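Have a look at the structure below before the remarks.
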Amino acid sequence: MNTKFKWSDLSLTTQFASAGGVVMIVAMVLVGGWVSSRIEQAVVQNTANDTAIFMESFVSPISQDLSQSDVLPIQAQRALAEVFETVPLKGRIVSYKLWKRGGLVAHASDPDIIGKTFPVTEDLRSAWLGSVAATFEDLDHIESESEAALGVPLLEIYTPIREAWSGEVIAVAEFYEAAEELSAEMTNARRNSWLVVSATFLGSGLMLFGIVAAGGRTIRRQKAMLLDQLLETQAVSEQNLRLRNRVVEASSRSTAQSDRFLRQLGAELHDGPAQYLSLAALRLDSALGGTKAAGEVDDIRQSLANALTEIRSISRGLAIPDLDRLSLRKLIDRAVQDGATAFASPPVLTFEGDEAPQIDYSAKLCLFRFLQEALSNAARHAPGAGVTIWGRACEKAVCLKVRDEGPGFDPEEAMQIRPDGGQGLLGLVDRAESLGGQVEIQSKPGAGCELILTLPLQSRDL
């Protein structure tokens, strides 16, 4: 099975070892090359300076005639040849040249190039400016062909020859010094420099790798701890969700049972005490119809009529239709029709989405009571104002919105228990929250009122 490589899948230690290793190798090569080059340059220059000082003490007095001529006199040539044949210089200086300006060879150990002109090199130009210049094993110039043919390591030195009384550079002396010992020293210096640089970078890399490895272990350990805590948190969260669903389901059943009890109580009030009070009022009229105590009869009759009215009002408030057999859309239509009798013009209803989603009795009861309370409040506090109802249902939730164009109110004041003992909007909020839903109140004085109920319909695990 082929899997695509991802850099992020590697551990922190592996990432550091890979990226840090490449960076350190490149840096080591650059630094090692620079250090080795600087050491070689320093060794070559120091050796050249020592040789130049030594040679200038012999060559400069002999070469003073070059200030007036481009050719070295015969006596000077013989003297110069004798100098290089002496024991201290014999075998050390393999060849030499005396340069005039423009690349003219005034004199040389190789008589074939005397009087010839060659291109001016950078080292020769530097010597004409008064500096000692030197290169090691750089014999690729035309005038150095004979020296290159010797096949031995040579140090090429350019030293300025100054006029004795003026100090002006009158010529440049070029010497080729046998440099076997220098080559060995430079090889040793180069090796030592690379060993030092490599050891330094290797030590630094190992130390940093140890730090990163320790940090990686700490991160992995903390990651494992966080993962364990996450799993524990998820388990607790799932347990809390199950407990919450059980509480919501229990509250839903309790609410449904309470409303069924209230519906039964309303029916019994309507069919029981209310009927008896009606019968008592009729018989009381018949029994006392001819007496003179008409005032007392009227008071009794009025009291019975008031009691009967109150009982019937209570029974109508407690009674609700048989919600089990109503779909969501029919339930909303029924609640709107019941509340529309209190309005001069019926509320405008708009419904979207699924008209018959799977919904239990407690949710139906919550929706019905919400519409009852919302329309009752609109009729009581915003008489004559237009009322619109908007509803939407899907698999996950039902949303109802009731808006009136009345005077509005302060939501905080409305969320209080009424003086008559009723709970009003507070009861709607508690009922909705007991089922996992919410009621939102949007209103302010002079701007109407909008009540929004959102009720989830997801299944609850017991």
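In this text the structure is predicted, and so the values were computed from the model without any measurement. Note that these values count all heavy atoms, side chains included, but never hydrogens, waters or copies made by symmetry.
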Please check if the side chain of [X] supplies one atom and the backbone of [Y] the other of a donor-acceptor pair under 3.5 Å.
X	Y	answer
Ser109	Tyr96	yes
Ser69	Asp65	no
Ser126	Glu122	no
Thr454	Gly437	no
Ser434	Arg431	yes

If we ignore angles and hydrogens, is there a donor and acceptor under 3.5 Å between the side chains of [X] and [Y]?
X	Y	value
Arg369	Gln372	yes
Gln75	Gln77	no
Gln234	Ser237	no
Arg380	Ser376	yes
Glu156	Thr135	yes

[X] [atom1] to [Y] [atom2] distance, which is reported to the nearest 0.5 Å:
X	Y	atom1	atom2	result
Glu440	Leu453	CD	CG	11.0 Å
Leu104	Phe118	CG	CZ	9.5 Å
Leu124	Arg101	CG	CZ	9.5 Å
Met225	Gln222	CE	CD	7.0 Å
His107	Asp70	NE2	CG	14.5 Å
Lys401	Ile452	NZ	CD1	5.0 Å

Atom CZ of Arg125 with >12 non-hydrogen neighbours under 6.0 angstrom:
yes
Side chain to side chain donor-acceptor pair (under 3.5 Å) filter on Arg329, not counting sequence neighbours, yields Asp333, Glu355
How close do [X] and [Y] get, counting heavy atoms only, and between which atoms?
X	Y	value
Ala432	Val439	CB-CG2, 3.7 Å
Val169	Arg162	CG2-NH1, 3.6 Å
Gly406	Ala385	N-CB, 3.8 Å
Pro160	Ser131	CD-O, 3.8 Å
Gly102	Thr117	O-CG2, 3.2 Å
Ile332	Phe351	CD1-CE1, 3.5 Å

Considering only heavy atoms from C-beta outward, does the side chain of [X] approach that of [Y] to under 4.5 Å?
X	Y	value
Cys366	Leu455	yes
Tyr158	Trp99	yes
Pro357	Leu328	yes
Gln64	Ile170	yes
Val402	Glu450	no
Phe368	Asp338	yes
Glu373	Leu451	no
Val172	Thr159	no

Given the rule in the side chain to side chain contact (heavy atoms under 4.5 Å, CB included) test, do Phe370 and Leu400 qualify, once you have shown the distances and angles that lead to the verdict?
CA-CA 9 Å; Phe370 172 79; Leu400 289 179; 3.9 Å; yes
Derivation of the side chain to side chain contact (heavy atoms under 4.5 Å, CB included) call for Ile161 and Leu98
CA-CA 9 Å; Ile161 298 175; Leu98 297 180; 3.9 Å; yes
Test side chain to side chain contact (heavy atoms under 4.5 Å, CB included) applied to Val387 and Val336, Asp404, Leu349, the passing residue
Asp404
Ala108: what forms a side chain to side chain contact (heavy atoms under 4.5 Å, CB included) with it, not counting sequence neighbours?
Lys97, Val105, Ile113, Ile114
List the steps, then state whether side chain to side chain contact (heavy atoms under 4.5 Å, CB included) holds for Glu177 with Ile157.
CA-CA 8 Å; Glu177 182 180 3; Ile157 306 170; 3.7 Å; yes
For Ser95 and Phe175, what are the C-alpha separation, side-chain angles and deciding distance, and is it a side chain to side chain contact (heavy atoms under 4.5 Å, CB included)?
CA-CA 6 Å; Ser95 67; Phe175 307 102; over 6 Å; no
